[in-house]
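Both backbone and side-chain heavy atoms feed into the values below; hydrogens, waters and symmetry mates do not.
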Amino acid sequence: MIESTYNHKAVEAAAQSHWAATNAYTVIENDPRFPKGKYYACSMLPYPSGKLHMGHVRNYTINDMMYRQLRMRGYNVLQPMGWDAFGLPAENAAMKNKVPPAKWTYENIAYMKQQMQSMGLAIDWSREMAACSPDYYKWNQWLFLKMLEKGIAYRKTQIVNWDPVDQTVLANEQVIDGRGWRTGALVEKREIPGYYLKITDYAQELLDPVANPDSPDFLKGWPDRVRAMQENWIGKSEGVRFAFPHDITDASGALVQNGKMYVFTTRADTIMGVTFVAVAPEHALALRAGELNPELTPQIEALKAGGTTEAELAVKEKEGLATGLFVTHTLTGESLPVWVGNYVLISYGDGAVMGVPAHDERDFAFAKKYDLGIKQVVAVEGKQFSTDAWADWYGDKQVGTCVNSGNCDGLRYKDAVDQVATALIVLHLGEKKTTWRLRDWGISRQRYWGTPIPIVHCDEHGAQPVPYDQLPVVLPTDCIPDGSGNPLIKHEGFHKGATCPVCGKAARRETDTMDTFVDSSWYFMRYTSPGSDRMVDARNDYWMPMDQYIGGIEHAILHLLYARFWTKVMHTLDLVKFKEPFTKLLCQGMVLNHIYYSRNDKDGKDYFPPDQVAPVLDAQGHITGGRLADGTELHYGGVGKMGKSERNGVDPQDMIEKYGADTSRLYMMFTAPPEASLEWNDAAVEGSWKFLRRVWSYANKHDAVLRAGIAGPRDESKFNDAAKNLRREIHTTLKQINFDFERIQYNTVVSGCMKVLNALEGADANAITPPALSECFSILLRVLYPSCPHITETLWRELGYAAQIGELLNVAWAEVDEKALVSDTVELVLQVNGKTRGSIVVASNADKTAIEAAAAAAPDVAKFGEGRTPKKIIVVPGRLVNVVV
RNA sequence: GCCCGAGUGGUGAAAUUGGUAGACACAGCGGACUUAAAAUCCGCCGCUUUCGUGAAUAGCGGGCGUACCGGUUCGAUUCCGGUCUCGGGCACCA
């Protein structure tokens, strides 16, 4: 007998211990129970920040719904979990709490794992991994050494944010308005050596699967928007690289850069409009200008100020300085002034650009500011060029033809570029070149809590790779960072405890660690090969490529691109057989929450959790600020993704405690479609709770009828009208639910479940031919199971269905009985001149002519058509008729 | 600034992708049950009170309505052009 009240705590505890006792979600390769083969559905691994937040709940519930439905459909489904356990927040927590990052991290993992278990996720925990475990990061080091051997990894200088007070490198996140977040000191750019991975060697291979539908690896299972973002990020552009000759010499009298200052441009058609050139403050010509005129040096240094991000560069005021040096225009021989510009980056291309004020908006502004020449070389018929103000057509290469450009005059963009390129080739001063926006991946971080880069530095033999048999280079776990510099440098046993593999003498160990994007570039393959003494083994070839990857849209570019690149490197090294890791991708929308902060005395921001803040509203009801309980006024930072750094995450634990995992999961799925972003609000969670109670009490109320059995004839002719009507309604809804599962629109799956219950409650249970009621209720339990596994599995067992056909997890998915859908008549919407005016009922099998006749005869047509005769009748089968008069 | 999205009732959203806008819910309002409350159940619920007809801010009918302006179409939340606002990413947050 089903108990009268739904006790979620008892139901969920019992279900979860049953799953644990039976290892319900441990999967093996080639399991004969699953005829449809494997399905690998994986969520992006969480950073162990302390507690789960609603974004995690959303991510894993989507994954879990998918898991359970596909398993019932006959797939061998793998859902693993792990921890992105290296990274900056652990160091910050260590500084704040004076505990080593390792301790903080492992405690967080333990707590969050228990939270996940209380959510009832079908995770195979036997495959759990943590990035900070030497068993895992050993393989980061191993593959890094392989890449060094292949020349994919190399060493060069990189530009970092330097905090002069703390004497440390800052992450972009730690630079706030150009100042260090802890010290408030003005951040400087500094050039230091580091390791890079040649992702640009794979640029074309990374581009084709996102840009070319004819590519064999085209990622058709990815959202269009993500492919577009990756395509633009890789940014293939065809242009011209050429040199401006000059006779500037260095202190020794030799020509600087052999007398050729190279630039790259996609607008070679405007070469005759060049009136100046600009170089980065670190460029050889800028350095030489400083030597020749020492007064300039501090001004050149000042142009290096500010952060390194592209966003910051794009919006900052363009400033420059004339060097007094000149180069020669490659084609005209004119003398062109060399400027140093704060908007020119040494790390992009050649660190120098040509200035065409007439046809580049940035150059136009720069020329106006510093009174440089503006020379029109592209014209559009009927449009007047004026140096007074910028107009969009000046920079549009799609319109216009060349003027004032010698033999290019009259040519359009493409022909003009060809012509100019030919001229440059003849002079041996330039060539056509494909360039990429994509830059090589710098992986060196001057931080403690990451994978040690397996290199030792010998005074005699330089940077030497650690021999393979000495891997892993184990990271000490007892350091507590204090914010000044990298603790590994101060850790004598680590830093100085190495020997040179060449000469055996004492050597310094590399103290840089790897970017944490390395950890997340292949963890999903380690899940397939737990405990292996190789990076991945044959089991990886069974599960990979991953069938469905699920994670936040904020990872659409970097993480996914790095993971694709890493996979291609593994393919190059014959470690895997595939070239793309993720067949299908679902980018769930972010869970957003309000952000409140106050300014601290270091010019940084101190954030406050929204649940401690009372919003301050303006007359329109918009939030303009906040107030703490003690009256402190706060700034409002809009809504943003839930996370640790802005302290606006919401811990799901309260909701799970109060309503249970099933209600929490159901509500999270119901409240928005998976791909939409979602401003968090739990005001409506009661509705989901109420729905589950109704499901429970329906089973309790109709216990006797329902437990009579789900077996029995499904012969349509034996059902009475009540049974037929109920079945038609429920199978119609089931058809929609199955479609919504296919397209991963789980919010309407939940709506569908509610419609099924509404239909059941609306029917007279005792008037329905058995076993139609049990059949319909068993459909409800099955379609509800993926979102609410505890309550459905319990009711399934209690009603005796498990004894009849097996446990819910293992029974077949509910399929639509097409015969139940048949109806004699169909109602069509009637429109007159495109406006809805009523409806007509026709036989289901009525043909177009019959429908047209019925529509023409409808009284509404006469009324709204004002007696005019129909000119045209449009019939949309099964839906609508539009009469045009 | 550049790239990518989103904008629909008081609220979350739906509309099988050009075919009844608001399914399913939340909140609210009205009612039933109850000594009362909770729970439960039933009903209403875009705007138009100076659009018509009504005594009526009840019904019925009409008109309007998917951020804003314009276009294509028999028909547009859906397609096209432009604008605004919000969110994500911009290479050292993860």
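Put simply, A:Lys690 has a side-chain N or O that comes within less than 4.0 Å of OP1 or OP2 on B:rC26. For A:Asn232, a side-chain nitrogen or oxygen approaches OP1 or OP2 of B:rC4 to under 4.0 Å. Considering only side-chain N and O atoms, A:Arg743 lies nowhere under 4.0 angstrom from the phosphate OP1 or OP2 of B:rU16. Under 4.0 angstrom from either OP1 or OP2 of B:rA14 there lies at least one side-chain N or O belonging to A:Asn747.
Comparing the same atom, C1', in B:rG71 and in B:rU53 gives a spacing of 38 Å after rounding to whole Å. Look at the C1' atom in both B:rG65 and B:rA21: the space between them is 9 Å, to the nearest Å. Atom C1' of B:rA25 sits at a distance of 11 Å from the matching atom of B:rA14, rounded to the whole Å.
Among B:rC93, B:rA23, B:rG89, the nucleotide with an atom closest to any side-chain atom of A:Pro89 is B:rC93. If you check B:rG87, B:rA91, B:rU20 against the side chain of A:Val829, the one that comes closest is B:rU20.
Between the CD atom of A:Gln588 and the P atom of B:rG5 there is a distance of 18 Å, rounded to whole Å. Counting to the nearest Å, the P atom of B:rA13 and the CE atom of A:Met668 are 12 Å from each other.
Side chains of A:Asp440 and A:Thr200: a donor on one and an acceptor on the other come within 3.5 Å.
Two rings, from A:Tyr136 and A:Trp522, have their centers less than 6.0 Å apart.
For the pair A:Lys318 and A:Phe366, the cation-pi test (distance below 6.0 Å, angle within 45°) is failed.
The base of B:rG19 sits with one of its N or O atoms less than 3.5 Å from a complementary donor or acceptor on the side chain of A:Gln831.
Note on A:Glu679: nothing from the nucleic acid sits closer than 4.0 angstrom, heavy atoms only. At a threshold of 4.0 angstrom between heavy atoms, the contacts of A:Phe517 include nucleobase atoms, whether or not backbone atoms are also involved.
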